[in-house]
Amino acid sequence: MSILILAEHDGKHIKQSTRQAVTAAGAWQLPVHLLVTGSNSTDLASEAAGIAGVAKVLHADAAQFEHPLAEDVAALLVQLGTDYKVILSAHTAFSKSVLPRVAALLDVAMVSDAISITAPATYVRPIYAGNVLTTVESSDAIQVVTVRATSFAAAAGGASAEVAAVNVPASAGLSRWIREDKTVSDRPELSSARVVVSGGRSLAERFDELLEPLAHHFGAALGATRAAVDAGFAPNDIQVGQTGTIVAPELYFAIGISGAMQHLAGMKDSKIIVAINHDPDAPIFQYADYGLVANLFDAVPELTKALS
Amino acid sequence: MKVLVAVKHVVDYNIKPRVKPDGSDVDIAGVKLSINPFDEIAVEEAVRLKERGVATEVIAVTIGKANSQDSLRHALAMGADKAILIETEAEMQPLGVAKLLKSVVEREQPGLIILGKQAIDDDLGQTGQMLAALVNVGQGTFASIIDIKGDEIEVTREIDGGTDVVALKLPAVVTTDLRLNEPRFIKLPNLMMAKKKPVETIKADDLGVDFNPRLKQLKVADPEPRKPGIKVANVAELVEKLRLAEVL
Ligand SMILES: Cc1cc2nc3c(=O)[nH]c(=O)nc-3n(C[C@H](O)[C@H](O)[C@H](O)COP(=O)(O)OP(=O)(O)OC[C@H]3O[C@@H](n4cnc5c(N)ncnc54)[C@H](O)[C@@H]3O)c2cc1C
Ligand SMILES: Nc1ncnc2c1ncn2[C@@H]1O[C@H](COP(=O)(O)O)[C@@H](O)[C@H]1O
């Protein structure tokens with residue numbers, strides 16, 4: 001029996017989170033197969049075949065996967081999945097849409113957002129916004145699992161696995177892709193950035209003006225609280241937290257952020273946390289390695305200047 | 001068109017839950033419970049569809065203990081027309097919830113089904129997609145805008161790195177993200193009126209589906225606490241510390 005990982009890519013490259021899922025799969029000590037969906041995606045399949053620890057790439061190349069729909073990818077996984085012991089993926093928006101559908105069609109439970117795996121079937125995962133960790137055991141014959149990418153190192157390259165084409169079932173036609181609006185940015189991806197500079201609602205209209213130069217210094221990704229996003233100061237895809245993106249960078253700046261538990265859930269596993277807040281009692285300081293009590297409108301420009 | 005909304009009664013988002021001393025479970029005895037925030041957004045969206053004349057009836061459904069009624073009352077006070085409590089004392093997991101919801105879907109034949117993208121207690125985010133699979137319809141997860149156009153619904157979804165838009169054949173399942181709407185404030189008279197609205201109770205055991213939990217919880221624990229940090233006096237000291245930590 002083997003493990004099937006649903007790979008994810010941006011059309012050009014396999015995502016870092018897929019490499020992290022490959023590392024997570026190591027817990028089973030079973031052969032790992034990577035499913036790559038796409039259209040005209042030979043290069044992506046080759047890149048996938050180079051990931052260390054991958055025994056075989058299943059390449060599902062079809063016009064309908066130019067923009068893969070959850071319903072169609074799930075149907076493909078169900079067709080392939082009965083031969084596998086584990087169907088695994090990183091806990092991304094794409095996999096969160098696809099894997100529960102697969103689990104239901106296979107009539108098995110699903111484990112979401114596992115941060116540690118004790119093979120063959122025991123998982124640790126956060127609940128209640130990361131305030132509690134639960135250890136669960138699954139008794140199903142096929143394990144369907146997403147893993148928190150930041151909890152696992154990324155698998156290296158340099159391998160050369162076999163690539164096998166797979167038959168793609170016709171689209172069920174339940175849904176249709178219309179368009180997408182992806183933020184174009186030369187910044188690293190938020191979920192895998194080495195440094196993240198996040199701001200709260202108090203930055204208001206000056207969110208970009210103050211944080212961009214600081215982020216630029218580190219080649220960092222920008223993050224935000226829900227309050228900053230809701231108020232329209234930052235785009236939704238940079239919300240960090242329980243219901244946004246989970247990050248665990250080497251260095252995290254929390255600027256004008258109170259430290260609500262829903263926000264902490266998304267960043268408290270960062271290696272070093274820096275907080276700048278003018279309220280000395282802000283909860284964020286209980287999590288900060290280095291806390292600076294200051295008016296951010298003075299401190300952030302000063303910090304940016306000191307660094308350059 | 002009927003709209004079915006699934007609501008879960010959960011520990012209020014303001015409360016930090018505690019682990020029982022024996023590590024067997026989270027201690028929720030006496031803790032304030034409320035409607036899952038994403039489900040409140042789901043109810044709001046359904047009620048707005050009715051107010052715009054797109055929906056004819058809004059039905060709220062919950063699966064759980066008798067006290068889950070409180071979240072149904074909340075939905076009724078927001079403007080749902082009727083509510084269904086599928087009552088069970090058993091521990092519920094998404095697959096079982098999806099199967100029970102499927103039987104309600106078969107009975108009520110809604111044109112649209114709205115769930116939250118995730119319950120803030122289990123943080124699983126599975127039920128909507130599972131239900132969509134079981135009833136073999138399309139799914140629009142993490143919705144921030146919905147737009148019904150003829151026999152289709154267009155769903156703008158919040159995904160990694162931006163948004164996308166998919167069109168789903170109706171009936172379909174939508175799961176709500178935070179930006180879909182801002183739920184209304186409930187006025188007292190509406191709360192009183194909600195008491196008169198019908199709540200049907202069905203015993204989960206009478207629905208003839210297997211909703212036994214598949215995952216066994218072995219233990220719960222507090223996460224590892226972070227090492228206490230320090231306050232720095234000024235920007236210069238902060239830069240110095242970061243330099244020493246070799247992250248600059
Ligand atoms: C269902 C649900 C899901 C949620 N999911 C998330 C999530 O995923 N991510 C998330 O972040 N939140 C989430 N939230 C919201 C969360 O509860 C908080 O409301 C939010 O994180 C607060 O954002 P904030 O820190 O920007 O704002 P506030 O809490 O208003 O804090 C502002 C802070 O800025 C400081 N400040 C103000 N002016 C200055 C100044 N001039 N200089 C320095 N400091 C200053 C203040 O002292 C304060 O600490 C969720 C809430 C719910 C109900
Ligand atoms: N017991 C339940 N009763 C009604 N709806 C539920 C229940 N559990 C989950 N849901 C719905 O499914 C969504 C996602 O829950 P989950 O998959 O547990 O994160 C919730 O926001 C609800 O809309």
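Just so it is clear: chains get the letters A, B, ... in the order the sequence lines come, proteins before strands, and each one is counted from 1.
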To the nearest 0.5 angstrom, please state how far the CZ atom of R214(B) sits from the OG atom of S138(A).
9.0 Å
With chain A as the partner, which of L134(B), I15(B), V137(B), D222(B) has the greatest number of non-hydrogen pairs under 4.5 Å?
V137(B)
In terms of heavy-atom pairs under 4.5 Å with chain B, the winner among T146(A), D181(A), V293(A) is D181(A)
Contact listing (chain A partner; residues 233-248 of chain B; heavy atom under 4.5 Å):
A233(B), N234(B), V235(B), L238(B), V239(B), K241(B), L242(B), A245(B), V247(B), L248(B)
Taking T243(A)'s backbone N and O only, do any of them form a donor-acceptor pair with K117(B)'s side chain (distance below 3.5 Å, no angle check)?
yes
Can you tell whether the side chains of D289(A) and R226(B) come within less than 4.0 Å, N to carboxylate O?
yes
K96(A) and D160(B): salt bridge (charged side-chain N to carboxylate O under 4.0 Å, His left out), yes or no, with the steps?
CA-CA 11 Å; K96(A) 282 189 239 180; D160(B) 301 333; 5.9 Å; no
Contact winner vs chain B - A104(A), A70(A), G291(A), S185(A), heavy-atom pairs under 4.5 Å
G291(A)
Contact origin within I153(B) toward chain A - heavy atom pairs under 4.5 Å
neither
Non-hydrogen atoms of chain A under 4.5 Å away: do they reach the side chain of E158(B), the backbone, both or neither?
both
Of Q126(B), K227(B), K216(B), M130(B), the largest count of non-hydrogen pairs under 4.5 angstrom with chain A goes to Q126(B)
For side chain to side chain contact (heavy atoms under 4.5 Å, CB included), just list the numbers for I230(B) and Y290(A), CA-CA rounded to whole Å, side-chain angles, deciding distance to a tenth of an Å, and then say yes or no.
CA-CA 5 Å; I230(B) 55 160; Y290(A) 307 114; 3.8 Å; yes
Toward chain B, the part of K271(A) with a non-hydrogen atom under 4.5 Å
backbone
Please tell me if the side chains of D107(A) and K99(B) come closer than 4.5 Å, counting only heavy atoms from C-beta onward.
yes
Top of T141(B), L124(B), I159(B), L131(B) for chain A proximity - count of heavy-atom pairs under 4.5 angstrom:
L124(B)
Among L69(A), I127(A), D269(A), V111(A), the residue with the most heavy-atom pairs under 4.5 Å to chain B is I127(A)
Side chain, backbone, both or neither: which part of T122(A) has an atom under 4.5 Å from a heavy atom of chain B?
side chain
Chain B shares the most heavy-atom pairs under 4.5 Å, among Q239(A), E250(A), Q286(A), with Q239(A)
Under 3.5 Å: donor-acceptor pair, side chain of T134(A), backbone of V220(B)
no
Contact leader toward chain B among D140(A), L190(A), L251(A), where contacts are heavy-atom pairs under 4.5 Å
D140(A)
Just checking heavy atoms, which of residues 300-308 of chain A are less than 4.5 Å from chain B?
E302(A), L303(A), A306(A), L307(A)
Closest non-hydrogen atoms of P280(A) and K231(B), given as atom of the first, atom of the second and distance, are O-NZ, 3.4 Å
Contact origin within T163(B) toward chain A - heavy atom pairs under 4.5 Å
both
Which bit of R157(B) comes within less than 4.5 Å of chain A, counting heavy atoms only: side chain, backbone, both or neither?
side chain
Please classify the contact of V274(A) with chain B as side chain, backbone, both or neither, using a heavy-atom distance under 4.5 Å.
side chain
Taking Q139(B) for its side chain and E71(A) for its backbone only, find out whether a donor-acceptor pair lies under 3.5 Å.
no
Which residue out of L95(B), T127(B), D164(B), D121(B) racks up the most heavy-atom pairs below 4.5 Å with chain A?
D121(B)
Where along residues 19-34 of chain B does a heavy atom come under 4.5 Å of chain A, listed by residue number?
V19(B), V26(B), I28(B)
Counting heavy-atom pairs under 4.5 Å with chain A, which one of P225(B), G229(B), P223(B) comes out on top?
P223(B)
Counting heavy atoms not belonging to F297(A), are there more than 12 under 6.0 Å from its CZ?
yes
Ignoring hydrogens and geometry, is there a side-chain-to-backbone donor-acceptor pair from R125(A) to D122(B) under 3.5 Å?
yes
Residue selection (most heavy-atom pairs with chain B, distance under 4.5 Å) from D113(A), I272(A), T245(A), I238(A):
I272(A)
Closest approach of R176(A) and E152(B), non-hydrogen atoms and distance?
NH2-OE1, 2.6 Å
Can a donor-acceptor pair be found, under 3.5 Å and without considering hydrogens, that links the side chain of Q129(B) to the backbone of L99(A)?
no
Considering only heavy atoms, which portion of Y123(A) lies under 4.5 Å from any heavy atom of chain B: side chain, backbone, both, or neither?
neither
Please indicate whether E224(B) has more than 12 foreign heavy atoms, meaning atoms of other residues, nucleotides or ligands, lying under 6.0 Å from its CD.
no
Measure distances from A288(A) to the heavy atoms of chain B and classify the residue's part below 4.5 Å as side chain, backbone, both or neither.
backbone
Side chain, backbone, both or neither: which part of F38(B) has an atom under 4.5 Å from a heavy atom of chain A?
side chain
Engaged part of D210(B) at the chain A interface, taking heavy atoms whose separation is under 4.5 Å
neither
So, does E180(A) use its side chain to make a donor-acceptor pair with the main chain of G162(B) at under 3.5 Å?
no
Check R101(A) against A133(B) and note the closest heavy-atom contact, atom names and distance.
CG-CB, 3.5 Å
With rounding to the nearest 0.5 Å, note down the distance linking CD in Q242(A) to CG in D123(B).
4.5 Å
Residues of residues 165-184 of chain B near chain A, each having a heavy atom less than 4.5 Å away:
V165(B), V166(B), A167(B), L168(B), K169(B), L178(B), R179(B)
Structural part of M110(A) lying under 4.5 Å from a heavy atom of chain B:
both
